[in-house]
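Keep in mind that the numbers below use all heavy atoms, side chains included, and drop hydrogens, waters and symmetry copies.
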Amino acid sequence: VQLQASGGGLVQTGDSLRLSCAASGRAFSTYTWTMAWFRQAPGREREFVANIGVSGNVKYYGDSVKGRFTVSTDNIKNMLYLEMNSLKPEDSATYYCASRQKVLLLGRNPAGNSSDYDYWGQGTQVTVSS
């Protein structure tokens, strides 16, 4: 499985940005896959942003992005997206997409730890100026 994140850039507070992650290989091959976004700012631990089961029925969000970010997939194109609205300077980080071959279940483990994932993309930088 290979993941390629893109779409980062420099934006201002309140702006919107959409990140994309192209997946190749076995990701998206069955509905047992989970796709996720994490982010990491300099000097800080990697933080869970959002994830989604490939079926699209189950999603989880980190507390700091709830109501502002939306995760989605295009299973035909093998793409993962992160729509980010009302961006804040504290959203500045390198954003990584990740995947695992394990189903995401509603009401169960939200799979919000980086150790839950086996495959990682290279990251895309998002900088939000104040």
Side-chain angles (χ1 to χ4, degrees):
V1 174
Q2 291 186 323
L3 303 173
Q4 180 80 28
S6 62
L10 173 63
V11 297
Q12 295 184 334
T13 297
D15 283 353
S16 298
L17 198 61
R18 188 176 84 156
L19 304 183
S20 301
C21 177
S24 62
R26 294 179 290 120
F28 287 94
S29 60
T30 71
Y31 286 156
T32 59
W33 284 80
T34 299
M35 308 296 295
W37 289 100
F38 285 79
R39 66 187 183 185
Q40 189 166 19
R44 303 190 67 176
E45 292 188 355
R46 192 162 292 190
E47 177 189 13
F48 171 70
V49 175
N51 61 7
I52 180 170
V54 169
S55 66
N57 294 330
V58 181
K59 304 177 184 181
Y60 293 100
Y61 293 93
D63 289 340
S64 61
V65 306
K66 282 180 182 176
R68 299 188 299 123
F69 290 11
T70 302
V71 63
S72 63
T73 61
D74 183 330
N75 293 355
I76 302 299
K77 298 180 179 179
N78 288 4
M79 294 292 294
L80 170 70
Y81 301 104
L82 184 69
E83 186 72 37
M84 304 185 294
N85 298 316
S86 302
L87 282 163
K88 306 174 182 179
E90 50 264 44
D91 293 318
S92 297
T94 300
Y95 283 70
Y96 298 91
C97 54
S99 68
R100 67 172 194 176
Q101 191 176 9
K102 188 173 182 179
V103 67
L104 187 65
L105 298 174
L106 185 64
R108 300 287 185 87
N109 177 17
N113 295 313
S114 57
S115 60
D116 291 321
Y117 297 87
D118 303 306
Y119 305 98
W120 291 84
Q122 87 291 355
T124 185
Q125 178 68 40
V126 173
T127 303
V128 185
S129 63
S130 57

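- Although no hydrogens or angles enter the test, the distance criterion places no donor-acceptor pair under 3.5 Å between the side chain of Thr32 and the main chain of Gln101.
- Through direct or indirect side-chain contacts shorter than 4.5 Å among Ile, Leu, Val, Met, Phe, Trp and Tyr, Val58 is connected to Phe38, Phe48, Tyr60, Tyr96, Leu104, Leu106, Tyr117, Trp120.
- Among residues at least two apart or in separate chains, side chain to side chain donor-acceptor pair (under 3.5 Å) pairs with a member in residues 1-23 are Ser16-Asn85.
- Separating the CG atom in Leu10 from the CG atom in Leu17 is a distance of 10.0 Å, to the nearest 0.5 Å.
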Val71 and Leu80: CA distance, side-chain angles, deciding distance, side chain to side chain contact (heavy atoms under 4.5 Å, CB included) verdict: CA-CA 8 Å; Val71 63; Leu80 170 70; 3.7 Å; yes
Checking Asn51 against Asp116 for the side chain to side chain contact (heavy atoms under 4.5 Å, CB included) test, could you report, in this order, the C-alpha distance in whole Å, the side-chain angles of both residues, the deciding distance, and whether it holds? CA-CA 11 Å; Asn51 61 7; Asp116 291 321; over 6 Å; no
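- Without hydrogens or angle criteria, Asp91 side chain to Val128 main chain gives no donor-acceptor distance under 3.5 Å.
- Side-chain contact between Leu3 and Met35 is present, with at least one heavy-atom pair separated by less than 4.5 Å.
- In terms of heavy atoms, Ala23 sits closest to Ala27 at CB-CB, 4.0 Å.
- Panel note: side chain Gln122, backbone Ala5; a donor-acceptor pair is recorded below 3.5 Å.
- For residues 74-84, every residue pair satisfying the side chain to side chain donor-acceptor pair (under 3.5 Å) rule, not counting sequence neighbours, is listed here: Thr73-Asn75.
- The ring pair (Phe, Tyr, Trp, His ring centres under 6.0 Å) contacts involving residues 11-35 comprise Trp33-Tyr119, where partners must be two or more places apart or lie in separate chains.
- Residues Val49 and Met84 fail the side-chain proximity criterion, which asks for heavy atoms closer than 4.5 Å.
- Ala93 and Ala41 get closest at one heavy-atom pair: CB-N, 3.9 Å.
- Interatomic distance, OG of Ser99 versus CD1 of Ile52, reported as 13.5 Å (0.5 Å rounding).
- Taking CG of Leu82 as the start and OG of Ser72 as the end, the distance is 8.5 Å to the nearest 0.5 Å.
- Note: the hydrophobic cluster containing Trp37 does not contain Met79 (ILVMFWY, side chain heavy atoms under 4.5 Å, direct or indirect links).
- In this structure, the side-chain hydrogen bond (donor to acceptor under 3.5 Å, both in side chains) partners of Thr94, at least two apart in sequence or on a different chain, are Gln125.
- Under the salt bridge (charged side-chain N to carboxylate O under 4.0 Å, His left out) criterion, the residue pairs touching residues 42-51 are Arg39-Glu47, with sequence neighbours excluded.
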